[in-house]
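Predicted model only: the values in this text are computed from it and were never measured. We name chains A, B, ... by the order of the sequence lines, and we start the count at 1 in each one.
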Amino acid sequence: SHGGPPPWSHRKEDPTMLSSATNSLLRPMVRTAARRHNNATLDLSRGMTILSKQSAEEYKKENYTERMKNTGRPVSPHVTIYAFPIAALSSITVRVTGVALSFGAMGVGMLELFGGTGTSLSVFQDLGGAYGPLVAAGAKFSVAFPCVYHYLGAARHFAWDEKPDLLTNIDVEKASYALYGSSLFISVGLMIV
Amino acid sequence: PTERKTKIGQVSRNAGTMLSSISTSSRHVLALTKSLAIRGLATTTDASLKVGSTAVHPPRKERIKYFKIYRWDPEQRQKPYLSTYPIDLNDCGPMMLDALIKIKNEQDPTLTFRRSCREGICGSCAMNIDGVNTLACLCYIESPDDKKSASSGKATKIYPLPHMYVIKDLVPDMGNFYEQYRSIQPWLQTENGKSEGQAEFLQSKQDRAKLDGMYECILCACCSTACPSYWWNADKYLGPAVLMQ
C-alpha cells in the first residue's frame, strides 16, 4: 500500500519521484539517484526512459547531453562507420575545398606581405621549373582542383536555389557524380596546359 | 560451430521408410545383410539396399558468413569492442534479424538487441548494418546478386544507430528522440473548434491525401540518426522524423 511520499521526495535525490511512486516496503530496494560520477553503477532513475508528464519536465530541466554524461554510457560510432551517400560526400568536399582555398589565399597573402610584391609569383615559377615535371604537375593540380570543384559546387547550390525541384535523391546523386567528374576533368586539363 | 541436427534426423527417417516398404522375407535378408555389414562381411554390393546410405540426400556445403557486432557491457568497465560470429547461411533465415537471433540462441546469449514484430512495422530493430541505418528484420543477409558469387568472404558489420548513447550492445537510449516527438504535440489540432451542433470533424479526400507519405512513419529513428546535424546538435535539432510528423 502506498504510504505517501517520503520526506526527501522534494529534494534533488528523487527527481523522477520514483520513491513516492514506489511501494514503501520496496522503497529501500530502489536505488535513488545520486548525482555522482560513478562508473560502476549507472544512474537508474535518470538513465531510463520512463515517459510521463514528469519525464517531460525532467528533459526541460537539464540538457540531454549533460545528463547522459553522468551515466558513463559510450556514444555509438558515427563518422567512422557510416556509409555516407555520394550527396553527403560531395557536399562536405565543397566545404573542405573552401577551407583549403582559405588557407591558400592566406598563404599567398602572407608571402606577399612579408616577402614583398611578387614573392608568390616567383615561388610558383620555382615550383613549376626547378623540381621537375612531376612536382609541377602535382602543384598545379592541387591548386586547380579546389578552385574548380568549389566553384562548380557553389554553382550547383545556385541551381538548387532557383530550381528546388532538382533536390530529389536521384537527381542529387547524378549531380554529385557530375560534379566530381567534371571537376576532375577540368583540373586535369588545367594541369596539362 | 553450428550443429546440423536436421541432417542426421533426415537420414534416419529415410532409412525407416525404406525398411517399412520392403516385404517380410526381404526384410529378413536385409537385416542379415545389415548385421553382416556391421561385422564387415557384406554379402551384397547393391548400394540401394544398404541401410543408412546417405546417397539419398547429398550433403550441402557450408556457406559461412562472419558477423562483426558492436558490443558493450555496462557492468564491465571495458571499452566497446567488436565480436565476430560465424553463421552457416544454409541453416539461417534470410534476414539480418534471423542471424542475430540465431547467434543469441546458439552462440552468445548475452548479445542484446531490440526486436518485436519481425516484419518491418514496429521499428524496434533499427540499427546500422554495413554502414546503413535500416531495420534488421527487413535487411537481407545476401542480396539476390550476391548469392551467385562467393559472398561469404566479407564480414557484415553491425553497429547501433549512430551517435546515440548506448545502454547495452545494440540498444540505444531513445529517450531524447521520444521527448522530441512529444514536444511537437503529434496529433491533429483544429484552429476553429467545433461549430454549433457539429458531431465529428469530417475529412475530405484532399485532406486525407495530405497525410500520404507521412502517416506511414514508424518512428524507427533510422533517418534522424543518419543526419550529421542531428549527431552534433541532438538537443537542439528535432531531426527529420520528428519534423515530418
- prompt: If you draw a 6.0 Å radius around CG in A/Leu166, do more than 12 non-hydrogen atoms from other residues or ligands fall strictly inside?
  reply: yes
Distance col, row A/Arg73:CZ vs B/Lys168:NZ, nearest 0.5 angstrom, shows 12.5 Å
Other residues, nucleotides, ligands: >12 heavy atoms within 6.0 Å of A/Asp161 CG: yes
Whatever's closer than 4.5 Å to a heavy atom in chain A on B/Leu161 counts as backbone
Residues 214-245 of chain B vs chain A, non-hydrogen distance cutoff under 4.5 Å, contacting residues -> B/Ala226, B/Pro228, B/Trp231, B/Trp232, B/Asp235
Of all heavy-atom pairs linking A/Ile81 and B/Pro162, the shortest is CD1-CG, 4.4 Å
So, the part of B/Pro172 with a heavy atom under 4.5 Å from chain A: the answer is neither
Greater than 12 external heavy atoms within 6.0 Å of B/Phe201's CZ: yes
Scanning both residues in full, the closest heavy-atom pair of B/Tyr70 with A/Val75 reads OH-O, 4.4 Å
Under 4.5 Å to a heavy atom of chain A? For B/Asn133 that would be both
Comparing B/His163, B/Lys157, B/Met164, B/Lys79 against chain A, the one with the most heavy-atom pairs below 4.5 Å turns out to be B/His163
### B/Gln189 atom CD, neighbour heavy-atom count above 12 within 6.0 Å
yes
Just wondering, are more than 12 heavy atoms of other shown residues or ligands nearer than 6.0 Å to OH in A/Tyr151? no
Please work out whether the ring planes of A/Tyr64 and B/Tyr165 are parallel, tilted or perpendicular, with thresholds of 30° and 60°.
-> perpendicular
Of the listed A/Pro74, A/Ala83, A/Ala88, the one with the largest count of heavy-atom pairs under 4.5 Å with chain B is A/Pro74
Neighbour count >12 (heavy atoms, 6.0 Å) for atom CZ, A/Phe185:
no
Is a donor on one side and an acceptor on the other found under 3.5 Å between the side chain of A/Ser76 and the backbone of B/Val166? no
Next on the checklist: So for atom OH, which belongs to A/Tyr131, do other residues, nucleotides or ligands contribute more than 12 heavy atoms lying within a distance under 6.0 Å?
Outcome noted: no
Taking CG in B/Leu188 as the centre, count heavy atoms belonging to other residues, nucleotides or ligands within less than 6.0 Å. Is the count above 12? no
